[in-house]
Amino acid sequence: MLAFFRRLTHSKVGVVITFIVLGVIALAFAAGDITGLSSMTGGAGITGGDVAKVGKAEVTENELKTQVQTQLEGFRQEQPTLDMATFINQGGFEGTLDRIISSMALEQFGRAQGMVVSKRAVDGQIASIPALQGPTGKFDENLYRQVLAQRKLTDAQIRSDIVRDTYAQQLTIPSTGATQVASQLALPYASLLLEKRTGTIGFIPAAAVPAGPAPSDADLATFYKRNVARYTVPERRIVRYAVISPDQVKAQAVPTDAEIAKTYQQDRARYAATEKRTITQVVVADQAGANAIAAKVKAGTSLADAARAAGLEASTQASVEKAAYAGTTSAQVADAAFAAASGAVIGPVRTPLGWTVAKIDRIENVPGRTLDQVRGEIAAALGIQKSAAALSAIHDKIDDSLSGNATFDEVVADQKLTPVTTPALIANGINPDDDASKPDPAIAPLVAAAFQAAEGDGPQLVQLGTDGGFAVVALGRVVPATPRPLAQVRAAVLRDVSAERARQAARKVAADVLARINKGMPIAQSLAQTKLPIPAPRPLTASRAQIAADPAVHRLRSR
């Protein structure tokens with residue numbers, strides 16, 4: 001049956017039939033089997049905790065709640081300040097419910113036509129998710145379980161969503177080709193976008209229209225109630241944290257004289273006297289060519305010029321030690337180069353890549369350094385190592401405590417840390433109750449961690465910077481999105497009401513101007529009759545594509 005539908009959708013007649021069939025399906029579900037929210041319709045045949053019914057399937061309150069929360073978390077990846085109230089006000093609730101209903105409808109239609117999504121297919125989709133692949137590059141069952149726990153999802157929910165999406169894809173993807181039309185049909189419509197129009201445009205600024213009488217208290221209250229979302233403070237969170245920084249382990253990170261002396265002895269070769277040389281060389285494929293270049297250099301030509309004359313390019317290694325030079329050439333070339341005097345020409349010496357000709361440009365003898373000379377250098381390096389080790393030990397100890405369900409207060413007391421409690425912050429770290437509040441980059445990772453946590457989650461460890469410091473972070477309290485009282489935002493409401501009235505008045509003036517223009521009055525004369533201090537009309541030329549892209553240009557009066 002599925003193959004028949006796929007073949008059908010690729011024919012011209014099939015395209016029409018496909019859309020008719022899908023339309024009938026949608027109409028059937030809308031007219032008979034899908035009912036609205038039970039809380040809003042008094043049930044409408046939906047029982048218990050069900051919010052919608054699609055054929056024989058039901059959308060439960062828990063399923064809808066989980067899906068809405070999942071959608072919100074997904075959008076928060078791009079918009080961290082988004083809260084549930086804003087998400088719902090912007091249509092997130094209805095959009096999620098519509099998606100569930102549509103996917104259920106398609107799933108049931110697919111099953112009715114004999115379509116099947118196997119368990120193996122679902123397993124393959126889960127295993128192919130990159131975020132669920134472990135260090136070996138293969139699906140990690142433990143990682144999958146951790147993600148489910150973090151998202152408060154079950155394996156059955158994930159599999160159900162994948163099955164529904166697969167049915168939807170199998171039913172809709174074959175019809176995507178139907179959106180293509182022949183070029184002979186598309187060309188006339190595409191050409192319309194190039195059509196240009198010239199006209200005159202006028203503007204009625206809201207600021208130029210009299211504001212009218214001052215709004216009354218009742219007017220402000222009505223406007224406030226109708227636009228309460230505009231005066232709502234987003235969800236806030238109180239964050240509790242304690243920082244463990246390198247300064248707190250400074251005393252433990254001071255190396256002893258014995259440790260410094262031991263390190264010096266272990267790295268003695270590093271501080272011993274050494275010889276560095278600056279060497280210019282060229283590698284030639286054949287011995288005869290290398291002999292010719294070596295002869296020219298010995299006669300006074302620079303190695304770079306001699307190599308260039310042969311179509312080659314010489315290279316120079318400056319202040320290089322023997323071991324490093326041998327690593328880039330060969331032991332034989334390095335032995336010869338470091339045995340020769342300054343200015344000497346070496347080679348040709350055979351190497352795996354050809355024949356090497358080299359010249360010793362400079363010899364630099366670096367004296368050895370005593371323990372006293374490098375004591376500060378060694379002490380600084382050891383201090384960093386010991387500080388990192390001390391911080392790591394504290395981190396591991398706290399991690400073990402948290403694994404044992406220790407509370408934030410218990411960790412702070414055990415480690416003698418200084419706890420900090422922030423005011424109620426929104427996701428960007430600002431305290432909306434403080435006009436002078438600004439985001440603090442130092443605690444931005446801590447605020448982000450708190451907004452990713454759910455109420456009831458235990459404390460977590462968050463890395464800070466690159467110096468090994470970290471923090472213990474706990475979610476103190478979630479303050480739901482709350483409208484500010486009218487008394488608190490009265491000035492803003494008054495400003496918004498006045499601006500809204502000015503826009504409405506300007507719209508009415510514009511409508512009167514347009515009415516006179518439509519009766520034959522020139523646009524300049526119609527604007528002048530407003531007797532308002534508005535800008536003079538000006539000519540405007542635009543293509544249909546520009547008009548479509550800019551709604552303001554739709555007011556263009558054609559000639």
### Stepwise side chain to side chain contact (heavy atoms under 4.5 Å, CB included) test for Arg375 and Leu371
CA-CA 6 Å; Arg375 183 180 298 276; Leu371 174 59; 3.8 Å; yes

### Query
Among side-chain atoms of Ser330 and Thr351, is any donor-acceptor pair under 3.5 angstrom?
no

#### Entry: Donor + acceptor pair across side chains of Gln125, Asp165 (<3.5 Å)
no

Please give me the minimum heavy-atom distance between [X] and [Y], naming the atom from each residue.
X	Y	value
Val163	Val122	CG2-CG2, 3.8 Å
Ala127	Phe139	CA-CD1, 3.7 Å
Val228	Thr232	O-OG1, 2.8 Å
Ala168	Leu106	CB-CD1, 3.7 Å
Ser342	Asp361	OG-O, 3.9 Å
Val297	Ala306	CG2-CB, 4.0 Å

Answer yes or no: is there a side-chain heavy-atom contact under 4.5 Å between [X] and [Y]?
X	Y	result
Ile158	Ile162	yes
Glu63	Gln157	no
Ile398	Phe470	yes
Asp433	Arg484	yes
Val374	Thr370	no
Pro445	Leu464	yes
Val493	Tyr231	yes
Glu313	Val282	no

### Message
I'd like to know whether Asp457 forms a side chain to side chain contact (heavy atoms under 4.5 Å, CB included) with Leu475, so could you lay out the CA-CA distance, the side-chain angles of the two residues, the decisive distance to 0.1 Å, and finally the verdict.
### Response
CA-CA 8 Å; Asp457 286 352; Leu475 176 59; over 6 Å; no

So does [Y] get a backbone contact from the side chain of [X], meaning a donor-acceptor N/O pair under 3.5 Å?
X	Y	answer
Arg237	Ala450	yes
Glu410	Thr407	yes
Thr278	Ser319	yes
Ser403	Asp399	yes
Ser401	Lys397	yes
Asp267	Arg270	no
Ser102	Arg99	no
Tyr167	Met115	yes
Glu364	Glu275	no
Ser160	Ala156	no

Taking atom [atom1] of [X] and atom [atom2] of [Y], what is their separation to the nearest 0.5 Å?
X	Y	atom1	atom2	result
Ile394	Leu461	CD1	CG	11.5 Å
Leu303	Lys296	CG	NZ	11.5 Å
Leu486	Gln488	CG	CD	10.5 Å
Asp155	Tyr144	CG	OH	3.5 Å
Ile260	Gln265	CD1	CD	13.0 Å
Ile363	Ile279	CD1	CD1	9.0 Å

#### Entry: Check against salt bridge (charged side-chain N to carboxylate O under 4.0 Å, His left out), Arg145 and Glu141
CA-CA 6 Å; Arg145 298 297 173 186; Glu141 178 75 18; 2.8 Å; yes

### Query
In terms of heavy-atom contacts, does CZ of Arg362 have more than 12 from other residues, nucleotides or ligands at under 6.0 Å?
yes

### Message
Working note: Gln332 + Thr356, criterion side-chain hydrogen bond (donor to acceptor under 3.5 Å, both in side chains); need CA distance, chi angles, decisive distance, verdict.
### Response
CA-CA 10 Å; Gln332 295 90 334; Thr356 298; over 6 Å; no

### Task
May I have the step-by-step check of side chain to side chain contact (heavy atoms under 4.5 Å, CB included) for Phe408 and Val472, ending in yes or no?
CA-CA 8 Å; Phe408 178 81; Val472 188; 4.0 Å; yes

### Query
Taking 4.0 angstrom as the limit, do Glu235 and Arg477 come out as a salt bridge?
no

### Task
Would you mind checking if Glu321 and Arg277 are paired as a salt bridge, meaning a charged N to carboxylate O distance below 4.0 Å?
no

### Task
Just grab all the side chain to side chain donor-acceptor pair (under 3.5 Å) pairs involving residues 383-392, residues at least two apart or on different chains.
Glu259-Lys386

### Message
Between Asp123 and Arg120, is the salt bridge (charged side-chain N to carboxylate O under 4.0 Å, His left out) condition met? List the steps.
### Response
CA-CA 5 Å; Asp123 290 342; Arg120 184 175 181 180; over 6 Å; no

### Candidate list Leu446, Ile443, Val243, test side-chain contact (heavy atoms from CB on, under 4.5 Å), partner Val473, passing option
Leu446

### Task
List the steps and the verdict of side chain to side chain contact (heavy atoms under 4.5 Å, CB included) for Val333 and Tyr325.
CA-CA 9 Å; Val333 176; Tyr325 184 63; 3.5 Å; yes

Side chains of residues 414-426: which donor-acceptor partners sit under 3.5 Å, not counting sequence neighbours?
| residue | atom | partner | partner atom | Å |
| --- | --- | --- | --- | --- |
| Thr422 | OG1 | Val239 | N | 3.0 |
| Thr422 | OG1 | Val239 | O | 3.4 |

### Message
Strictly by ring pair (Phe, Tyr, Trp, His ring centres under 6.0 Å), give each pair with a member in residues 235-275 just once, sequence neighbours left out.
### Response
Tyr264-Tyr271

